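Atoms considered below: every heavy atom in the structure, side chains included; atoms not considered: hydrogens, waters and symmetry mates. Because the structure is a prediction, the values reported are computed rather than measured. We name chains A, B, ... by the order of the sequence lines, and we start the count at 1 in each one.
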2 protein chains.
Amino acid sequence: MSIDRKQLIIEAATKSFSLFGYKATTMDQVAKIANVGKGTIYTFFKNKEELFDEIVQMLIAEMKQVAEEAIDPQDSFHENVHRALFQLLQFRKKHQLSIKLMQEGREMGTPAVLEVMEKMEQAILTFIKEEVSKAIDAKEIKPCNPEVTAFIMLKIYVSLIFDWEQKREPLSEEEIAKLFELYLFQGLSI
Amino acid sequence: MSIDRKQLIIEAATKSFSLFGYKATTMDQVAKIANVGKGTIYTFFKNKEELFDEIVQMLIAEMKQVAEEAIDPQDSFHENVHRALFQLLQFRKKHQLSIKLMQEGREMGTPAVLEVMEKMEQAILTFIKEEVSKAIDAKEIKPCNPEVTAFIMLKIYVSLIFDWEQKREPLSEEEIAKLFELYLFQGLSI
DNA sequence: AAATGACTGTTTTGTTCATTTGGTCATTTA
DNA sequence: TAAATGACCAAATGAACAAAACAGTCATTT
């Protein structure tokens with residue numbers, strides 16, 4: 001048998017999704033880039049959306065790895081969460097495919113893309129929630145609802161990293177870490 | 001002279017904007033509802049956008065009043081901010097015109113509407129920032145950047161009131177108050 | 001002097017139709 | 001003979017055009 005055709009298709013589709021987005025990627029184009037007959041794609045994937053989903057699954061796995069690499073059991077919980085969330089959002093901010101998908105989700109509202117963005121957010125929330133639960137068990141932080149806490153943490157990070165610099169000077173990583181520490185861990189009370 | 005024509009126009013336009021949104025409101029329609037010739041509108045307002053802006057100015061003034069009424073100098077800073085932000089966002093959630101505008105901003109991205117939503121957000125931020133500054137001066141809370149703090153507070157509230165219940169059970173006012181108190185004032189640290 | 005609505009140039013909307021697209025399947029290939 | 005293929009098809013898309021609706025003006029009316 002020649003080289004793995006499924007791999008070729010995945011690589012071609014990833015390239016095209018990253019370059020043009022989901023809607024603007026045609027199956028003919030993917031076949032052409034992969035040097036494969038169009039029908040061949042359908043022997044490996046039920047349809048366009050399933051091909052897309054498989055690629056996004058890989059993206060989520062990559063993100064999970066980035067997050068896990070940011071965790072150092074020696075460090076405190078909030079240093080770990082800060083590093084993990086920061087790395088995660090930087091990843092999302094820099095990776096070609098993530099960027100294209102976020103654009104397409106916002107600007108065109110492509111349903112398949114919105115669905116996939118949900119999944120990515122859910123994956124991040126699950127990861128953080130797990131870390132929060134561990135920290136509560138280890139009595140590193142006060143008892144609290146891990147789901148709400150993970151949700152708030154992610155929202156604060158997205159706010160500081162994406163929303164704030166929409167209209168203002170971007171904040172440096174250290175500033176973000178300090179703010180996170182102040183608001184979420186120390187608290188504003190005197 | 002007959003009854004105040006400018007007032008009639010403002011009332012008619014408010015009704016139409018609330019019912020159909022900015023784009024779907026035509027000047028002919030406003031004139032008809034107001035029982036006024038179309039040309040009359042242009043003796044009071046330069047164009048459609050200026051009419052819209054004047055109405056939104058009134059909405060913002062109303063919001064400011066709601067926020068101010070929520071502040072009780074006897075109470076602590078965080079009780080006051082909680083009440084003010086909560087009232088503000090409930091107002092936004094219940095008022096016909098706000099609802100229509102938020103919909104139109106999200107779904108159609110009408111530029112005039114987005115612009116106006118910016119203004120509303122800025123008004124809220126300025127109000128909270130002012131309260132934060134006062135609280136710092138009164139040594140009620142730790143020194144911090146009032147602008148970032150106001151920004152984070154609003155984000156947390158919008159997250160808890162709007163975003164959270166997108167996919168989960170809504171949180172009650174008391175729950176939101178408790179969460180706000182825990183995350184922002186007490187801090188998660190033990 | 002204030003109010004008006006018919007008028008105008010522009011934008012939006014509805015419609016048509018040729019092209020493109022996702023997906024199938026009979027044929028080809030190795 | 002199993003895997004690969006591309007011609008093929010129904011459905012979706014969008015370009016092009018005509019018709020309608022629109023914001024804003026201004027000569028006329030009140």
> Closest heavy-atom contact between A/Cys144 and B/Leu188?
Replying inline: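 In this case the closest contact between A/Cys144 and B/Leu188 is SG-CD2, 4.0 Å.
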> What closest approach, in Å, do A/Ala84 and A/Phe127 show between heavy atoms, and which atom pair accounts for it?
Replying inline: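 Minimum heavy-atom contact is CB-CE2, 4.2 Å.
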> Of B/Tyr42 and A/Thr43, whose closest DNA chain D nucleotide lies nearer the 5' terminus?
Replying inline: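 On the 5' side of the pair lies A/Thr43.
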> When the nearest nucleotide of DNA chain D is assigned to B/Thr25 and to A/Asn35 on a heavy-atom basis, which residue is associated with the more 5' position?
Replying inline: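 Here A/Asn35 is the residue nearer the 5' end.
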> Looking for any heavy atom pair under 4.0 Å, which part of the strands does A/Thr26 touch: base, sugar-phosphate only, or nothing?
Replying inline: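 Contact class for A/Thr26: sugar-phosphate only.
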>> Applying a 4.0 Å non-hydrogen cut-off, can you work out what A/Lys48 is touching in the nucleic acid: base, sugar-phosphate, or nothing?
In response: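 Touches sugar-phosphate only.
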> Counting side-chain heavy atoms from CB outward, which of D/dG24, D/dA4, C/dA3 is closest to B/Arg5?
Replying inline: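 That would be C/dA3.
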> Closest to the A/Val36 side chain: D/dG24, C/dG22, D/dT5?
Replying inline: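 Closest nucleotide to the A/Val36 side chain: D/dT5.
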Tell me the interatomic distance from [X], atom [atom1], to [N], atom [atom2], rounded to whole angstroms.
X	N	atom1	atom2	answer
B/Ile41	C/dT4	CD1	P	10 Å
B/Met27	C/dA3	CE	P	16 Å
B/Glu50	D/dG24	CD	P	10 Å
A/Leu8	D/dT5	CG	P	10 Å
A/Phe44	C/dG23	CZ	P	17 Å
B/Phe45	C/dA3	CZ	P	13 Å
A/Phe52	C/dT21	CZ	P	18 Å
B/Met108	C/dT11	CE	C1'	14 Å

> Between B/Asp72 and B/Arg83, is there a salt bridge with N-O shorter than 4.0 Å?
Replying inline: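 No, this pair does not count.
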>> Check this for me, if you would: do B/Glu147 and A/Arg168 make a salt bridge, where the nitrogen-to-carboxylate-oxygen distance has to be below 4.0 angstrom?
In response: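 So B/Glu147 pairs with A/Arg168 through a salt bridge.
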>> Heavy-atom count check: over 12 atoms from other residues, nucleotides or ligands less than 6.0 Å from A/Lys142 NZ?
In response: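 Enclosed.
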> Toward the 5' end of DNA chain C, which comes first, A/Tyr22 or A/Gly39, by nearest nucleotide?
Replying inline: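 Looking at the nearest nucleotide for each, A/Tyr22 comes out on the 5' side.
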>> Let me spell it out: for each of B/Lys38 and A/Asp28, pick the nucleotide of DNA chain C with the closest heavy atom. Which residue's pick is nearer the 5' end?
In response: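 On the 5' side of the pair lies B/Lys38.
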> Is C/dT20 paired to anything, Watson-Crick or G-U wobble with both distances less than 3.5 Å, and if yes, which nucleotide?
Replying inline: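 When the pairing criteria are applied, D/dA11 turns out to be the nucleotide that pairs with C/dT20.
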